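What follows is a set of notes on a single structure, which appears directly below.
The first residue in the sequence is number 1, and the count goes up from there. This structure is a prediction, so every number in the text was calculated from the model and none was measured.
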Amino acid sequence: MTHAPNSPEGRDIAHHLHAYTNARRHQEIGPLVAERGEGVYIHDIHGKRYIEAMAGLWSVGVGFSEPRLVDAAVRQMKQLPFYHTFGHKSHGPVIDLAEKLVSIAPVPMSKVFFTNSGSEANDTVMKLLRYRSNAMGEPQKKKFISRMRGYHGVTMASASLTGLPNNHRSFDLPIEGVLHTSSPHHWREALPGESEEAFATRLAADLEALILKEGPETIAAFFGEPVMGAGGVVIPPATYWEKIQAVLRKYDILLVADEVICGFGRTGNMWGSTTYGMTPDVLVCSKQLSSSYLPISALMINERVFEPIADESNRIGTLGHGFTAGGHPVAAAVALENLAIIEERGLVDNVRTVGAHLQKRLKGLEGHRLVGETRGVALIGAVEVVIDKAAKTALDPVGKLGALVASLMQERGVISRNMGEAIAFCPPMIITEAQVDDMVDAFAASLDEAQRQLGL
Ligand code: PMP
């Protein structure tokens, strides 16, 4: 499609380098330009309406048109549009939000540190844990383990934690001291006939072997998403977190739960850690914290993590870390209002009931010629599309079939995302069963159309 140079699409092509986009292809096809949002829908500038099946970027929990969040932002803008948290300064919204987060944490937490994105939060965790190891007289304890397919962000350090090839390739990453262990993708990576439990046992053994090879005294922490999101919605196999945590405890390695996608209800509990019995020492959250109306992220640390950091800051004279906009009062006020809405409207219960319906509808597609596997928990799911069900293979190159299905869905008014061959579903938490039906019906029609185009 060609776009007039003075159209929004043409001007975007002329001036805008896009995130996570093939820049050459963008010059040919241009952007979808969103104009307004309404509940679970967005409208583009040509008046077409789409169900946002990904809640934007796994994030707009309360939907796209919540007036209470707008009002909260305006009130705070008028009263105190900016203040910071450096050098013993604070303000009401950041105090309220820190207290609120500690009060709803899945395990006892001590302090909250505020950042602006998931990447910055994970980057900060890595720095704080280095600082802590130095404080504890364990300067060798600085390595981090994350997982293949894991997603933790895109800064130099957090992209290193991320275990996806496109985040490393040509960026000369990962940096030193970040190690990757096997991913818990049962359908793709289990041996033939291997049960979920046996697979989990094998993954825990892989982790232990890596720790022993590197030296347990050199490993500071293990980072994991309760459910992997951007790696393709990978649900941990039965007994996985129990077995992984047993290994971490054995070698005194801290657990960092990256709840950037799972946090605030997505898996049917307030936290993915609760759904999967995780007891993290550090918890990272963002996205649904403010429904992404404004950028904000946070990390919570327990006493074990806080105490040595406090001592080190006392020894040095300051904790030499912080972002100008960290704990921004307007973002914090919006986050507080967003959490109030999630609680008052029982959105976590909605995630459970409507999520059960979503999972049932996705399961119902397993007989389709192009469906290899469906999986999910509560209101997050994925469908792996294949050409050959037995061999679990799709079109060459990887992602071509997934991209075809996603683009056919977009034509039918549903925006999803393919991560390779996994088509993801992570709609706003306010979605109804009827809207889930519309979304899955459009997906099923897209599968039929893809099958027809491929002559299968
Ligand atoms: N962690 C997880 C689990 C994520 O899903 C993401 C973003 N998709 C991030 C970290 C990074 O967050 P951001 O894009 O805000 O830097």
Are the side chains of [X] and [Y] in touch, meaning some heavy atoms are under 4.5 Å apart?
X	Y	result
Leu69	Val62	yes
Ser160	Phe144	no
Arg147	His180	no
Arg304	Asp281	yes
Tyr251	Glu208	yes
Glu66	Ile430	no
Thr275	Val227	no
Met429	Gln288	yes

Does either side chain, that of [X] or that of [Y], offer a donor lying less than 3.5 Å from an acceptor on the other one?
X	Y	answer
His26	Asp12	yes
Ser286	Ser297	no
Thr218	Lys141	no
Glu384	His185	yes

Q: Answer yes when Glu189 and Arg149 have at least one side-chain N-carboxylate O distance shorter than 4.0 Å, and no when they do not.
A: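 Answer for the salt bridge query: yes.
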Q. Is Glu214 paired with Lys143 through a side-chain N to carboxylate O contact shorter than 4.0 Å?
A.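 Result for this pair is yes, salt bridge flagged.
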Q | Residues Asn122, Thr124; criterion side chain to side chain contact (heavy atoms under 4.5 Å, CB included); working and verdict | A | CA-CA 5 Å; Asn122 282 315; Thr124 295; over 6 Å; no
Q: Tell me, please, which residues at least two apart from Ile145 pass side chain to side chain contact (heavy atoms under 4.5 Å, CB included).
A: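 Side chain to side chain contact (heavy atoms under 4.5 Å, CB included) list for Ile145, sorted by chain: Leu179, Thr181, Leu207, Leu210, Ile211, Ile219, Phe222.
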N/O donor to acceptor pairs below 3.5 angstrom from side-chain atoms of residues 93-109, sequence neighbours left out:
residue	atom	partner	partner atom	Å
Lys100	NZ	Glu343	OE1	3.1
Lys100	NZ	Glu343	OE2	3.0
Ser103	OG	Lys100	O	2.7

Q. Given the rule in the side chain to side chain donor-acceptor pair (under 3.5 Å) test, do Asp206 and Ser182 qualify, once you have shown the distances and angles that lead to the verdict?
A. CA-CA 7 Å; Asp206 282 355; Ser182 13; 2.6 Å; yes
Q: List the steps, then state whether ring pair (Phe, Tyr, Trp, His ring centres under 6.0 Å) holds for His43 with Tyr50.
A: CA-CA 6 Å; His43 297 248; Tyr50 305 83; 8.7 Å; no
Q | side chain to side chain donor-acceptor pair (under 3.5 Å) partners for Glu373, two or more places apart | A | Arg375
May I ask you to check whether [X] and [Y] place their ring centers less than 6.0 Å from one another?
X	Y	value
His186	Phe199	yes
His328	Tyr83	no
Phe323	His321	yes

Q | Candidate pair Tyr240 and Tyr276, rule ring pair (Phe, Tyr, Trp, His ring centres under 6.0 Å), full reasoning | A | CA-CA 9 Å; Tyr240 174 80; Tyr276 294 103; 9.3 Å; no
Q: Assign the ring pair Phe425 / Phe443 to parallel, tilted or perpendicular, where the plane angle (0 to 90°) is split at 30° and 60°.
A: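 The arrangement is perpendicular - the two ring planes meet at more than 60°.
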